[in-house]
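Input: a single structure, listed below in structure tokens.
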Amino acid sequence: MPLIYEIMAKEITARAEDYSKWYLDIVKKAGLADNSAVRGCMVIKPNGYAIWEKMRDQLDRMFKETGHVNAYFPLFIPKSFLSKEADHVEGFAKECAVVTHHRLMNNPNGSGVVVDPGAKLEEELIVRPTSETIIWNTYRDWIKSYRDLPLLINQWANVVRWELRTRPFLRTTEFLWQEGHTAHATKKEAEEEAHLIHEIYARFAEDYMAMPVIKGAKTANERFAGAEQTYTIEALMQDGKALQAGTSHFLGQNFAKAFDVKFASDNNIEDYVWATSWGVSTRLVGGLIMTHSDDAGLVLPPRLAPMQVVIVPIPKPTPSILEVAQRIESQIKALGISVKIDMDEKKRPGFKFAQYEMEGVPIRLGIGQRDIDKGVIEVARRDERTKSFVSIEGVDRYVKQLLDDIQVNLLYRAMHFRDDRTSFVDTFDEFEKVLEGKGGFIYAHWDGTSESELKIKEKTKATIRCIPCDNPSESGKDLISGKPSNQRVLFAKAY
RNA sequence: CGGGGCGUAGCGCAGUCCGGUUAGCGCACCUGGUUUGGGACCAGGGGGUCGCAGGUUCGAAUCCUGCCGCCCCGACCA
């Protein structure tokens, strides 16, 4: 009979009290990231980086399984490159860090160093906010023939976007991501590529992050700067706001034309190549936190938890307890599960329990002499905050199964939450009422014009998150204009 | 860049209005002891250019001037 245990989260602000503070508390208390000396930039600490590494490794596998390879392009982009694609420069110009000099010198008027005016760069360099331009400038040299296509390249990198307001993981000035940049001989193939990646992102979100997402296309307003079409996965956070968790763009021939990338087809006809680009970032870590965590701290899905099981000797690691603990540890390890025994003799069990709960370790095994005498061990699952005793014999298989159960349960729970916070409305009044009330996703009719979309944004701060894929057609009237619409689109306030 | 708030030990704060011994508290840290099934207790200890610079004063964390930084709220964004 599982027992629900009380959480004493004395170090974490409750969600209901201050959601934003709750988020920051978790980032801090779970040891995910720190603020840094540089405004807007965070230090990703080992616990946080380990989660990103797990995400990265899995995504990397998925990209490679579908024929992609990794490469690396420079951090710096010549300023002139950025302006070659008109929409692209317009989208990013306002948030670029610029390198103007290459040398410092001792301050002639005092202490410290100053920029050496004699070391001014002939052409200023932009710190990449994304790499389309430098990559397509390179692709021009790589692509001559249809035999060079498709070119399926991904890079893991950092980028800089000079945002005015930042939050750890969700929006930082510098962030880590992957950016795929592919080149294709036909429009159809490029579109398929964009869809394939869109699908991979959705699958990753649901199968690994246990974060349900709505797949859809962006409206023209929300599209990536320079894209013909942007596909997105949209997740719903616990405060009822949407998070864009990954985007895949069909770029048409825009960058090929801007950088003059042409190829000869098999019947020797020259044409511009077709492109895609796609990315997910450390923002996913923020999404992960806000999808599952509770007032006791971080909750991690087992598949992304750096440490899946922790064994806590109670009250401390005595030789006889340790002997059993180590046997269980090696059995669990043999099943490919990451596990550690907490050997710290100074801290008491209660402290450790609270600590591992804050850090989101999915399963905690508590083992004391009383348990050993009875042949049982205490198993606590983080997601449901329950404890129960199971037989030591076979606990390894029990734990393996429980990890799977937790993974499924988190997804199920998040889906339930999302469905609960999804509304269908037909009038603007209702729309506002829902936004002010429970928030969340709202399906409503839209006439397809930017005017209506912007008006709603202006009045309510809500935006069209996407036009869902496989959207059923349904006739109705636009919330604002009253003009006819043949489908509902997904609205929400967003991060 | 507009509006608001804050800078005192690693973190969180009191002290500032009304200037006056050696700047204080909680947490964390170190040492020793007693403890140990949900964040232990006792004793001892280390740690501070009171954001920076200038000024007023016999005397400044406290008053004045200037600067710097950070946080929150708005306009832009993965």
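Reminder, nothing fancy here: chain letters follow the sequence lines and each chain counts from 1.
In this structure, OH of A:Y356 is placed 17 Å from P of B:G38, rounded to the nearest angstrom. One can place CG of A:L24 at 15 Å from C1' of B:G12, the figure rounded to the nearest angstrom. For the pair A:E359 CD and B:G39 C1', the interatomic distance rounds to 14 Å; values are reported in whole Å. Atom pair A:W162:CH2 and B:A78:P shows a separation of 18 Å (rounding to whole Å applied). In this structure, CD1 of A:I12 is placed 16 Å from P of B:G12, rounded to the nearest angstrom. For the pair A:K29 NZ and B:G39 C1', the interatomic distance rounds to 12 Å; values are reported in whole Å. One interatomic measurement links the two molecules: CG of A:L288 to P of B:A78, which rounds to 21 Å at whole-angstrom precision. Atom CG in A:L164 sits roughly 13 Å away from atom P in B:G2 (whole-Å rounding).
Residue-to-nucleotide proximity on RNA chain B shows that, of A:T247 and A:F353, the 5′-proximal contact is made by A:F353. Take the nearest nucleotide of RNA chain B for A:K461 and for A:P349: the residue whose nucleotide is more 5' is A:P349.
With a cut-off of 3.5 Å on both pairing distances, B:G38 has no Watson-Crick or G-U wobble partner at all. Of all nucleotides present, none satisfies the Watson-Crick or G-U wobble test against B:U16 with each distance under 3.5 Å. The partner of B:G2 is B:C73, judged by Watson-Crick or G-U wobble contacts that both fall below 3.5 Å. Remark: B:C29 base-pairs with B:G45; criterion is Watson-Crick or G-U wobble with both hydrogen-bond distances under 3.5 Å. Within the shown strands, nothing qualifies as a pairing partner of B:A23 under the Watson-Crick or G-U definition with both distances less than 3.5 Å. If you check B:C52 for Watson-Crick or wobble pairing at under 3.5 angstrom, you find it paired to B:G66.
In this structure, A:H195 and A:Y231 have tilted ring planes: the angle between them lies in the 30° to 60° band. Note: A:F431 and A:F428 have parallel aromatic rings, judged against thresholds of 30 and 60 degrees for the angle between ring planes. The aromatic rings of A:W156 and A:F63 sit tilted relative to each other, their planes meeting at an angle between 30° and 60°.
For A:I314, the side-chain atoms get nearest to B:G37 when compared with the rest of B:A78, B:G39, B:G37. Comparing B:A78, B:G37, B:G38 by their closest approach to the side chain of A:E357 singles out B:G38. Checking B:U36, B:A78, B:G39 against the side-chain heavy atoms of A:P315 singles out B:U36 as nearest.
Across B:A75 and B:C67, the matching C1' atoms stand 27 Å from one another, rounded to whole Å. Atom C1' of B:G4 sits at a distance of 44 Å from the matching atom of B:C41, rounded to the whole Å. Between B:C42 and B:C50, the two P atoms lie 32 Å apart (nearest whole Å). To the nearest whole angstrom, the two C1' atoms, one in B:A28 and one in B:C68, are 29 Å apart. Between B:U8 and B:C70, the distance separating the two P atoms is 14 Å to the nearest Å. B:G66 and B:G20: their P atoms are spaced 25 Å apart (whole Å). Rounded to a whole angstrom, the distance from the P atom of B:C52 to that of B:G38 is 47 Å. For the C1' atoms, the distance linking B:A53 with B:G7 amounts to 16 Å, nearest Å.
Remark: A:S248 engages no residue in a side chain to side chain donor-acceptor pair (under 3.5 Å) (not counting sequence neighbours).
For A:K218 against A:Q229, the heavy-atom pair with the smallest separation is O-OE1, 3.6 Å. When every heavy atom of A:I372 is checked against every heavy atom of A:S320, the shortest pair comes out as CD1-O, 4.0 Å.
Among the heavy atoms of the strands lying under 4.0 Å from A:F175 is at least one base atom, whether or not backbone atoms are also near. If you check every strand for non-hydrogen atoms under 4.0 Å, A:L170 touches a base. Residue A:D371 is classed as a base contact, given a heavy-atom separation below 4.0 Å to a base. Within the nucleic acid shown, A:Q244 comes within 4.0 Å of sugar-phosphate atoms alone, with no base atom in reach, counting heavy atoms only. Heavy atoms of A:T166 sit nowhere under 4.0 angstrom from any nucleic acid atom.
Look at A:R348 and you'll find a side-chain N or O under 4.0 angstrom from OP1 or OP2 of B:G37. Phosphate proximity of B:G37 to A:R370: absent, as no side-chain N or O sits under 4.0 Å from OP1 or OP2. A close approach under 4.0 Å does not occur between any side-chain nitrogen or oxygen of A:K457 and OP1 or OP2 of B:A75.
A donor-acceptor contact under 3.5 Å is not formed by the side chain of A:E378 with the base of B:G38. A donor and an acceptor atom sit less than 3.5 Å apart, one in the side chain of A:K387 and one in the base of B:G38.
With A:K493 contributing its side chain and A:F441 its backbone, the two residues share no donor-acceptor pair below 3.5 Å.
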Would you be so kind as to tabulate the donor-acceptor pairs closer than 3.5 Å made by side chains of residues 310-317 of chain A, with sequence neighbours excluded?
none

